[in-house]
Asks: 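Please read through the structure below; I'll follow up with questions.
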Amino acid sequence: MKFAARLSSAVILFGAMILFSGCADDEPGKGGTIPPAWDEPGTPRGFNSNGNKWGVTDGNMETPTGWGQGGGDGAIDERTGVRRMDVAGFPKVLYFGYDTDRVNASELAKISEAASFMLANPNLVLVVEGHCDERGTDEYNRALGERRAIAVENKLRDSNVDLANIRTVSYGEDQPAVAGSGESAWSQNRRAVLWVGKVPAGN
């Protein structure tokens, strides 16, 4: 009897150990820690020698500073260091659903057009801005804006656009396309804006 009781306790203890060890899962989307947005103020971004922000091995770190309007055509955008150009067909504006970074099928043609242009003009840079509506905290919306920009970047990469020719930046809710509240305004502010420019010599 005592042996059976001890065996039963051991089985219960072993089962509990398996159960709790399975709870420690840091896989994205399963309770792990969400990293800060790349463009959250004060968060270092790494660029390698070819301008690809995902590579940090060169040790060239940049901390974003300015949060504001980058300027019009011909001006150097303070966030990306890219000089804006007036190019036919740009800027392109892609719209997103509420609280998501999923690219709608209705927007894929715009990405395809941008990819075709970049493949034909590899000396230029495509800037992808991520924007949100006013709902949510500033920090959350900056992260969501970055995820939207990266979602577009990933589609461009799938179309063979070199990542070295793409810059992503998030403005969160700071630059609404339409003022006001309500779905008519919010639906126009949940967007990614694609524009073309050139990196000045020496940058």
Asks: Find out whether Pro176 and Glu134 are in side-chain contact, i.e. whether some heavy atom of one side chain is under 4.5 Å from a heavy atom of the other.
Replies: no

Asks: Identify the two heavy atoms, one from Met118 and one from Asn165, that lie closest to each other, and give their separation to 0.1 Å.
Replies: CE-O, 3.7 Å

Asks: What residue pairs, at least two apart or across chains, pass salt bridge (Lys or Arg N to Asp or Glu O under 4.0 Å) with a residue in residues 88-101?
Replies: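 Of all non-adjacent pairs touching residues 88-101, those that pass salt bridge (Lys or Arg N to Asp or Glu O under 4.0 Å) are Lys92-Glu113, Asp101-Arg147.
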
Asks: For a 4.5 angstrom cut-off between non-hydrogen side-chain atoms, does Phe90 reach Leu126?
Replies: yes

Asks: Quick one: pull up OG in Ser170 and CG in Leu144 and give me the separation to the nearest 0.5 Å.
Replies: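 Nearest 0.5 Å value for the OG-CG distance: 7.5 Å.
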
Asks: Spell out, yes or no, whether Trp186 and Tyr171 are grouped together once hydrophobic residues are joined by side-chain heavy atoms under 4.5 Å, including indirect joins.
Replies: no

Asks: Would you confirm whether Ser112, through its side chain, and Leu108, through its main-chain N or O, come within 3.5 Å as a donor-acceptor pair?
Replies: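 Looks like no, no N/O pair under 3.5 Å.
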
Asks: State which residues pass side-chain contact (heavy atoms from CB on, under 4.5 Å) with Ser159; sequence neighbours excluded, sorted by chain then number.
Replies: Ala115

Asks: Verify, without hydrogens or angle tests, whether Asn104 (side chain) and Ser106 (backbone) share a donor-acceptor contact under 3.5 angstrom.
Replies: no

Asks: Which pair of non-hydrogen atoms, one from Glu107 and one from Val93, has the smallest distance, and what is that distance?
Replies: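 Heavy atoms of Glu107 and Val93 come nearest at OE1-O, 3.8 Å.
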
Asks: Quick test of your reading of the model: are Arg135 and Asp133 salt-bridged, counting only N-O distances below 4.0 Å?
Replies: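 Salt bridge: yes.
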
Asks: What are the two closest non-hydrogen atoms of Gly81 and Pro200, and how far apart are they?
Replies: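 It is O-CD, 3.2 Å.
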
Asks: Tell me every residue that passes side-chain contact (heavy atoms from CB on, under 4.5 Å) with Pro91, counting only those two or more places apart in sequence or in another chain.
Replies: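 Once residues adjacent in sequence are excluded, the partners of Pro91 under the side-chain contact (heavy atoms from CB on, under 4.5 Å) criterion are Val193, Trp195.
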
Asks: Which heavy-atom pair separates Val169 from Ala149 by the least distance, and what is that distance?
Replies: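 Between these two residues, the closest heavy atoms are O-CB, 4.1 Å.
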
Asks: Nearest 0.5 Å, please: how far is CZ in Arg148 from CD1 in Ile150?
Replies: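 So the gap between those two atoms works out to 13.0 Å.
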
Asks: Are any of the side-chain heavy atoms of Arg167 and Val199 separated by less than 4.5 Å?
Replies: yes

Asks: Is the shortest side-chain heavy-atom distance between Leu156 and Val128 below 4.5 Å?
Replies: yes

Asks: Counting only N and O atoms by type, is there a donor-acceptor contact under 3.5 Å from the side chain of Arg191 to the main-chain atoms of Leu94?
Replies: no

Asks: Taking all non-hydrogen atoms of both residues, which atom of Met85 and which atom of Leu124 are closest, and how far apart?
Replies: SD-CD2, 3.7 Å

Asks: Between Arg84 and Glu129, is there a salt bridge with N-O shorter than 4.0 Å?
Replies: yes

Asks: Do Asn189 and Glu173 have side chains that approach each other closer than 4.5 Å (heavy atoms only, starting at C-beta)?
Replies: no

Asks: If I compare all heavy atoms of Thr100 with all of Phe96, which pair ends up nearest, and what's the gap?
Replies: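 So the minimum-distance heavy-atom pair works out to O-CD2, 3.8 Å.
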
